[in-house]
Amino acid sequence: MVNRIRKAVMPVAGLGTRFLPATKAVPKEMLTIVDRPVIQYVVDEAKEAGIEHIVFVTGRGKSTIEDHFDIQPELEETLKSRGKNAELEILAADLPPAGGVSFTRQQAPLGLGHAIWCAREIVGDEAFAVLLPDMLMRSKPGCLSQMVSAYEKHGGNVIALEETVPEMVHKYGIVALGAEDETGVEITGMVEKPKKEDAPSNFYISGRYILQPEIFSLLEKTTPGAGGEIQLTDGMKALAETQRFTGVRFTGTTFDCGAKAGFLAANVAFGMEREDIADDFKAELKKLGPDWLKGLVS
Ligand code: G1P
């Protein structure tokens, strides 16, 4: 029997330079998919998988994330006085329980491995999840839930995998694959942002992890790697010398909301799924004309 995964770390310190000027005063995690911030979808995925406590690793200029996960008394009073009960219910559904979120700051942008290490005191000595909020993963059940099933069977560490093309492997952490069963595949090697010719496969680590707490002392010793940054993948590689890593092939759709095209596609996909606006949304898109649609299907 493995212990339940109760805590999740979400690194949200990044500057979001790819979305300037939108991200000059608004954190990229607060940009909206339909009418909810990107980060809310990722928090929902974590909650569905049984996560009770979320640790945000933030940086300067990210205080609106903190405000988003708190009550807003003046707004709630105004909504109450105007009888806006549906809106009040929406806010209540997204509010984490008191004490259910923590914030710590990564003081310098030293890399993903360093960001996760910043959460060590809050996570303590238990296995935990990491969700990279740029990656919006759409599936039923959610990606982290699928990984929890693999964790219950194999224990150790679990990472979500997706396949890419050789031309793109330099953007990701790439894994070597071993034996596979119905819940997951054994990871036999990992390399962060390899050249095409050095990649052990086309399978990349897609932004969801279940890690054992021993990762923290290894990250403390990890020296800068790819891009001069302290890489989580390098810490995991060291951990894999003594512990199992299982890969779960994610079967849903992933939108890289750290990139403009992925962000816009996520808005289309989630907008189409929303019963309250889908018809109006389709009518708006139709205004673009048949040539536009042809361009999509050809
Ligand atoms: C990070 C990880 C990488 C992973 C990727 C997924 O890279 O270091 O292993 O494949 O996220 O998005 P980044 O996107 O921060 O360069």
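When a ligand or atom number is given, it counts from 1 through the structure's own listing order. Below, each value reflects all heavy atoms present in this structure, side chains not excepted, and no hydrogens, waters or symmetry copies.
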**Item:** Between D94 and H68: side-chain donor-acceptor atoms closer than 3.5 Å
**Value:** no
**Prompt:** So is Y172 polar-close to ligand 1, meaning N/O to N/O under 3.5 Å?
**Reply:** no
**Request:** Tell me whether the guanidinium CZ or amine NZ of R249 lies under 6.0 angstrom from the six-membered ring centre of F203 and within 45° of its axis.
**Result:** yes
**Message:** Polar contacts were defined as any N/O atom of the residue lying under 3.5 Å from an N/O atom of the ligand; does this apply to I205 and ligand 1?
**Reply:** yes
**Asked** How far apart are the closest heavy atoms of A22 and L31, and which atoms are they?
**Response** CB-CD2, 4.3 Å
**Request:** Using distance alone, with no hydrogens and no angle criterion, decide if E162 and T254 have a side-chain donor and acceptor under 3.5 Å apart.
**Result:** yes
**Message:** With heavy-atom distances below 4.0 Å as the criterion, list the atoms of ligand 1 near T233.
**Reply:** 9 (O)
**Asked** Judged by non-hydrogen atoms, does L132 sit under 4.0 Å from ligand 1?
**Response** yes
**Is_contact(atom 12 (O) of ligand 1), protein non-hydrogen, under 4.0 Å** = yes
**Item:** Derivation and outcome, side chain to side chain contact (heavy atoms under 4.5 Å, CB included), residues M190 and I187
**Value:** CA-CA 8 Å; M190 291 178 233; I187 304 292; 4.0 Å; yes
**Prompt:** Just which atoms of ligand 1 are under 4.0 Å from any heavy atom in Q231?
**Reply:** 8 (O)
**Prompt:** Is it the case that Q243 and N157 place a side-chain donor and acceptor less than 3.5 Å from each other?
**Reply:** yes
**Request:** Give the residue, atom name and distance (to 0.1 Å) of the protein heavy atom nearest atom 9 (O) of ligand 1.
**Result:** E192 OE1, 2.7 Å
**Request:** Show which atoms of ligand 1 fall inside a sub-4.0 Å distance from at least one heavy-atom site of M135.
**Result:** 12 (O)
**Asked** Quick check: does K193 get an N/O under 3.5 Å from an N/O on ligand 1?
**Response** yes
**Request:** Indicate whether the side chain of R244 and that of T246 have a donor and an acceptor atom separated by less than 3.5 Å.
**Result:** yes
